[in-house]
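The structure under discussion appears below in the form of structure tokens.
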Amino acid sequence: MSGGGLLVAGTTSDAGKSVVTAGICRWLVRRGVKVAPFKGQNMSLNSFVTREGAEIGRAQAMQAQAARVEPTALMNPVLLKPGGDRSSQVVLMGKPIGEMSAKGYHGNRQRELFEPVMACLEELRGTYDAVICEGAGSPAEINLRRTDIVNMGIARAARLPVLVVGDIDRGGVFAQFFGTTALLAPEDQALVAGYLVNKFRGDVTLLEPGLDMLHALTGRRTFGVLPYAHGLGIDEEDGLRVSLRGAVRESVVAPPVGEDVLRVAVCAVPLMSNFTDVDALAAEPGVVVRFVDRPEELADADLVVVPGTRGTVKALAWLRERGLAQALVRRAAEGRPVLGICGGYQALGERIEDDVESKAGEVEGLGLLPVRVRFAREKTLARPVGEALGERVEGYEIHHGVAEVLGGERFISDDRGSSISDDRGSSTSDDRGPGPEGCRVGSVWGTHWHGSLESDGFRRAFLREVAAQAGRRFVPAPDTSFGALREEQLDRLGDLIEEHADTDALLRLIEQGPPAGLPFVPPGAP
């Protein structure tokens, strides 16, 4: 195989494109195929920093792990990070190039990005045996087809066969498959090779007559029926919405090692970003992670996490409006654990000067940490390493806020720079040796580092401190490896493809391209 490819499209957002793409990557690499993921344009607040300091969608980083390759900016050349309903930060090749309205982006700017997107795809196809591309939303968004750089636009330019994924658990999957195909132009329809049913529960023989009828109506086969898989916990684009109140993060919730469980409440702030930071907590036996938006839901929590957000000032206003700010202040006064990550860390500080993100000027923080934050125009993108609680910590940074720490204790010793105190007692860092990252005052911690809780030794040490401060007889499991659990989950995705899809037909599709002679399906054909 050389330069093979496939576009995994979906009938809707959240149909399962990300996990199917990851599953195909893992299945292929286990067969000895050198494979890479690709998504031309991703809209997500869950992002990751590559080793070269580029910001890409976290789903593409997960897919790269499934393919057992290092993630790079080539795999997600355009990332859109929403800042509200009508505007997003545009990240090109891992670096932000400005804020744009949706109307402005879908005009000339998106067309300008087509060539760099295609150049990235062609470079990957020249390097790997196969490139598995993920679409966005639905390819049948006909209002956006003219400027499309992620669905049929790249499929047609690169002559990629298209596999359309549908979520049968939501119902209406046959109408979705037919309608998606029928709305496409004849030239795009010619690339749609067939369908993949996702999240099926029950006896597949009951579904087969419908699949036969779908084939008769469209002339296209179904390449497999994937069963509903519980507890995958795999990074997707924005798998948790604002409507998640009270939802428990899907994970392996195992019995506790000690006498007590540990309850973690995560404030579901607006524009929540990188909520995957708490997945490592949810993977610990005896830890239950829940997303909340009411102050009474913090009452029985042993740890409250204020997560990252694309809008720190907006999140602060939301915390105050909901009564969560007052509840957090009371918790801190009572010595009950609170952790702020990135934007959440900034919100726990004394003051924020934001003339970049929200342009709100000076805003008062919650005052739980002696930290002042100034938003810089240049975004910090880094993969730092350090030490905390006697354990090695790795993380990644994605933020405009620059923290000035005026007191308290350091949370993490950052290997990149040394601490320099000015005449006010504040600290910054340079390149001369280990320096401070974050801040701790009693039971309140804050850090800009995403992903730090994936460091197993540090996570266990942190949970022991939380349990002690919360008065819980909780004991972290001594052998939980988040990395190993993630590998097991990716292998499960590979197993789903290998066991429930026609892999011989998929391999031919990836190697040979779109099949010839597929019929045109006019709208309203039935």
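What you are looking at is a predicted structure, and each value in this text was computed from that prediction instead of being measured.
Taking the six-membered ring for Trp and thresholds of 30 and 60 degrees, F411 and F462 have ring planes inclined between 30 and 60 degrees apart.
Distance alone, capped at 3.5 Å, is enough to place a donor-acceptor pair between the N198 side chain and the A15 backbone. The backbone N or O of A403 lies less than 3.5 Å from no partner atom in the side chain of R374, so there is not a single donor-acceptor pair. In this structure a side-chain-to-backbone donor-acceptor pair under 3.5 Å is present from N151 to A136. R330 contributes no side-chain N or O that, together with a main-chain N or O of A332, makes up a donor-acceptor pair within less than 3.5 Å. At distances below 3.5 Å, at least one donor-acceptor pair connects side-chain atoms of R460 with backbone N or O atoms of T480. Formation of a donor-acceptor pair under 3.5 Å by the S455 side chain with backbone atoms of E394 is found in this model. Put simply, the side chain of S87 never gets that close to the backbone of S101: no donor and acceptor are under 3.5 Å apart. With N76 contributing its side chain and V78 its backbone, the two residues share a donor-acceptor pair below 3.5 Å.
Only one option out of K379, R383, K95 pairs with E55 in a salt bridge (Lys or Arg N to Asp or Glu O under 4.0 Å); it is K379. When each of V19, V197, I497 is paired with L226, the side-chain contact (heavy atoms from CB on, under 4.5 Å) condition holds for I497 and for no other.
T276 and R58 share a side-chain donor-acceptor pair at under 3.5 Å. R492 and Q489 share no side-chain donor-acceptor pair at under 3.5 Å.
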For this session: Go through the steps for R51 and E70 under the test salt bridge (Lys or Arg N to Asp or Glu O under 4.0 Å), then give the verdict.
Result: CA-CA 8 Å; R51 293 206 180 277; E70 188 67 31; 3.2 Å; yes
For this session: For the pair V150 and F38, evaluate side chain to side chain contact (heavy atoms under 4.5 Å, CB included) and give the outcome as yes or no after the intermediate values.
Result: CA-CA 10 Å; V150 65; F38 177 80; over 6 Å; no
For this session: Test salt bridge (Lys or Arg N to Asp or Glu O under 4.0 Å) on E284 and R459 and set out the steps.
Result: CA-CA 9 Å; E284 282 285 342; R459 181 179 65 254; 2.8 Å; yes
Exercise. Going through the checks in order, is the side chain to side chain contact (heavy atoms under 4.5 Å, CB included) test met by V371 and Y345?
Worked result: CA-CA 9 Å; V371 175; Y345 167 40; 3.8 Å; yes
For this session: Please assess K359 against E357 for the test salt bridge (Lys or Arg N to Asp or Glu O under 4.0 Å), listing each intermediate value before the final yes or no.
Result: CA-CA 6 Å; K359 296 181 173 56; E357 194 173 76; over 6 Å; no
Exercise. Going through the distances and angles, do D491 and R486 end up as a salt bridge (Lys or Arg N to Asp or Glu O under 4.0 Å)?
Worked result: CA-CA 9 Å; D491 275 331; R486 177 53 54 90; over 6 Å; no
Exercise. Does the side chain to side chain contact (heavy atoms under 4.5 Å, CB included) test come out yes or no for F375 and Q346, once each step is laid out?
Worked result: CA-CA 10 Å; F375 275 66; Q346 297 166 6; 3.3 Å; yes
Exercise. Under the side chain to side chain contact (heavy atoms under 4.5 Å, CB included) criterion, do L324 and L298 qualify, and how do the steps go?
Worked result: CA-CA 8 Å; L324 287 161; L298 306 187; 3.8 Å; yes
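For P71 against F48, the heavy-atom pair with the smallest separation is CG-CE2, 4.0 Å. In terms of heavy-atom proximity, V49 sits nearest to G53 at CG1-CA, 3.8 Å. Scanning both residues, V393 and S452, for their nearest heavy atoms gives CG1-CB, 3.6 Å. Across D277 and H450, no two heavy atoms sit closer than the pair OD2-ND1, 2.7 Å. C342 approaches I398 most closely through the heavy-atom pair SG-O, 3.5 Å. H448 approaches G401 most closely through the heavy-atom pair CE1-O, 3.6 Å.
In this structure, CG in L485 is found 11.0 Å from CG in D279, a value given to the nearest 0.5 Å. Atoms SG and CD, on C25 and E134 in that order, are 10.0 Å from each other to the nearest 0.5 Å. The distance from atom CD of E259 to atom CZ of F474, rounded to the nearest 0.5 Å, is 13.0 Å. With rounding to the nearest 0.5 angstrom, the CG atom of L196 is 11.0 Å from the NE2 atom of H500. For the atom pair CD of E378 and NE2 of H400, the computed distance is 9.5 Å after rounding to the nearest 0.5 Å. The CG atom of D167 sits 5.5 Å away from the CZ atom of R170 when rounded to the nearest 0.5 Å.
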Which pairs of donor and acceptor atoms, one on a side chain in residues 264-274, lie under 3.5 Å apart (sequence neighbours left out)?
unit_1	atom_1	unit_2	atom_2	d
S273	OG	T309	N	3.2
N274	OD1	S47	N	3.1
N274	ND2	S47	O	2.7
N274	ND2	Y396	OH	2.9

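Atom CZ of R377 sits in a sparse spot, with 12 or fewer heavy atoms from other residues, nucleotides or ligands closer than 6.0 Å. Around CZ of R473, the count of heavy atoms belonging to other residues, nucleotides or ligands within 6.0 Å does not exceed 12. Within a 6.0 Å radius of CD in E364, no more than 12 heavy atoms belonging to other residues, nucleotides or ligands are found.
The shortest distance between side-chain heavy atoms of E362 and I352 does not fall below 4.5 Å. T11 places none of its side-chain heavy atoms less than 4.5 Å from the side chain of V173. Looking at heavy atoms from C-beta onward, E404 lies in side-chain contact with L406 at the 4.5 angstrom threshold.
By the 4.0 Å N-to-carboxylate-O rule, E487 lies close enough to R26 to be salt-bridged with it. Of the charged side-chain nitrogens involved, at least one lies within less than 4.0 Å of a carboxylate oxygen, so that R294 and E297 count as a salt-bridged pair. Of the charged side-chain nitrogens involved, at least one lies within less than 4.0 Å of a carboxylate oxygen, so that D495 and R30 count as a salt-bridged pair. Taking a cutoff of 4.0 Å between a charged side-chain nitrogen and a carboxylate oxygen, D300 and R290 qualify as a salt bridge.
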